[in-house]
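One structure is given here, and the rest of the page talks about it.
Note that the structure is a prediction, hence the values are computed from the model and not measured.
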Amino acid sequence: CSYQWFVDHELTPQRLEPEADPLWLGSVVHDALQRLYAEAPGSDSIPRPGDVGAWKRRLAELIDEVAEASDTPVSAERRLGLARLGIQLEGFLDAEAASETVLRPRPELLEVGFGFDEGGEGAAELELGDDFALRGRIDRIDVEPGGTRALLRDYKTSGKVPGATGMAKEGKLQLQLYMLAARDRLGLDPVGGLYQPLGAYGDKRPRGIVLRSECDEPGVLHGLDISKRGDAVAKEPFDDALDDALELARANGRRMLAGDIRRDPLGGVCSTYCTFQAICRLERAVGLGEEREVEE
């Protein structure tokens, strides 16, 4: 919703309530995983069946360290949330230890940013138009040994993430734009982007969009337990998805520059996590519109 963006990023109201637990938990988990894979407390840069226990123990230590170092008090409820997430993260490590992928994360490609460094070093921002560009941080990039084919991975503490169809339907652009940044700013050859649902209890497999040709041997995605429910696509629709995301981002950027702010949530229904209804009054506006139509 463009109005939600406007309030959150331009009006920037000061919140009266403390930071929401999901945001805090997500921050702790991201920091802990980044440090875990940078250290790689085993025989390889990803967990292996013989040393996954060491990875789990170190992850538990890092979660405690990051949580205690945060500026936010660690309440009993937050400790319970961390304990629950810790169990779910152990499942994630078990799944990775069981995979036979050739892809490996590189320390310099963990939480790698583009467009942040003002000193002229590091990756530049992704140009979207004449007057605006994109910057961001990619949670993790796994790369083939001695090559450039790469898989982008984004951690989500939620239990459900969209696949290729859901991304297109919901207008999600993150993975596609980050793949373009990895290609144009980091010199990599992205073969896919995946959301990892760390909070999942049932199907824990990542979802997103990947090249179907890389899923079978000798493709670099062979050995990964990836949901194929429409997420593995041919080269042409894969490239089209990146091009469509770039064009939509450019269109949205032009709207931002023009001050074209509307109350336009997807499907006309406010998201459950938006707290700005008291400011935008979308439901009231819809009701007034219906009343005017009845009067006319």
Do [X] and [Y] have side-chain heavy atoms sitting under 4.5 Å apart?
X	Y	value
L242	M179	yes
L128	L246	yes
L257	F132	yes
L198	Q88	no
T12	V7	no
H222	T101	no
V233	L211	no
P105	I46	yes

Kindly give the heavy-atom pair with the smallest separation between [X] and [Y], and that separation in Å.
X	Y	value
A232	C215	CB-SG, 4.1 Å
A123	L186	CB-CD2, 3.7 Å
A38	L110	N-CD1, 3.5 Å
R207	P162	CB-O, 3.4 Å
P41	R58	CG-CB, 3.9 Å
L152	A182	CD1-CB, 4.1 Å

Do S2 and D264 have side-chain atoms, one donor and one acceptor, less than 3.5 Å apart?
->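 Per modelled atom types, S2 and D264 side chains form a pair under 3.5 Å.
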Strictly by modelled atom types, are D154 and Q174 linked by a side-chain donor-acceptor pair under 3.5 Å?
->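 Result is yes, a qualifying pair exists.
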Would you please indicate if the ring centroids of Y178 and F114 are separated by under 6.0 Å?
->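 Distance test on ring centres: under 6.0 Å, yes.
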For the [atom1] atom of [X] and the [atom2] atom of [Y], what is their distance to the nearest 0.5 Å?
X	Y	atom1	atom2	result
L248	Q176	CG	CD	9.0 Å
R84	L25	CZ	CG	7.5 Å
I261	C280	CD1	SG	12.5 Å
S27	L23	OG	CG	9.0 Å
N252	E247	CG	CD	10.0 Å

Would you confirm whether [X], through its side chain, and [Y], through its main-chain N or O, come within 3.5 Å as a donor-acceptor pair?
X	Y	answer
D231	A164	yes
H30	G26	yes
R185	E125	yes
R135	G113	no
E214	V220	yes
S70	A67	yes

Run the salt bridge (charged side-chain N to carboxylate O under 4.0 Å, His left out) check on D260 and R254 step by step: do they pass?
-> CA-CA 9 Å; D260 181 6; R254 289 191 291 268; over 6 Å; no
Aromatic ring pairing Y37/F92, orientation class (parallel under 30°, perpendicular over 60°, tilted between) |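 The rings of Y37 and F92 sit tilted, inter-plane angle from 30° to 60°.
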How far apart are the C-alpha atoms of L224 and L151, what are their side-chain angles, what is the distance that settles it, and do they pass the side chain to side chain contact (heavy atoms under 4.5 Å, CB included) test?
-> CA-CA 11 Å; L224 281 174; L151 174 69; 3.6 Å; yes
May I ask you to decide whether [X] forms a salt bridge with [Y], counting only side-chain N to carboxylate O separations under 4.0 Å?
X	Y	result
R35	E65	yes
D142	R104	no
D139	R153	no
E144	R149	yes
E96	R140	yes
K204	D225	no

Taking everything shown except E10 itself, do over 12 heavy atoms lie less than 6.0 Å from its CD?
->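 For E10, atom CD is crowded (more than 12 foreign heavy atoms under 6.0 Å).
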Is it the case that more than 12 heavy atoms not belonging to E108 sit under 6.0 Å from its CD atom?
->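 Yes, because the 6.0 Å sphere around CD of E108 holds more than 12 heavy atoms from other groups.
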Mark yes or no: R137 above the aromatic ring of F116, with NZ or CZ under 6.0 Å from the six-membered ring centre and no more than 45 degrees from the axis.
->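 Yes, R137 and F116 form such a contact.
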Mind running side chain to side chain contact (heavy atoms under 4.5 Å, CB included) on R48 and W55 for me, showing each step along the way?
-> CA-CA 9 Å; R48 298 288 80 196; W55 283 74; over 6 Å; no
Report the C-alpha distance between V210 and F238 in whole Å, list the side-chain angles of each, state the deciding distance to 0.1 Å, and finish with yes or no for side chain to side chain contact (heavy atoms under 4.5 Å, CB included).
-> CA-CA 7 Å; V210 297; F238 182 86; 5.6 Å; no
Stepwise side chain to side chain contact (heavy atoms under 4.5 Å, CB included) test for R262 and Y3 = CA-CA 6 Å; R262 312 168 195 168; Y3 203 94; over 6 Å; no
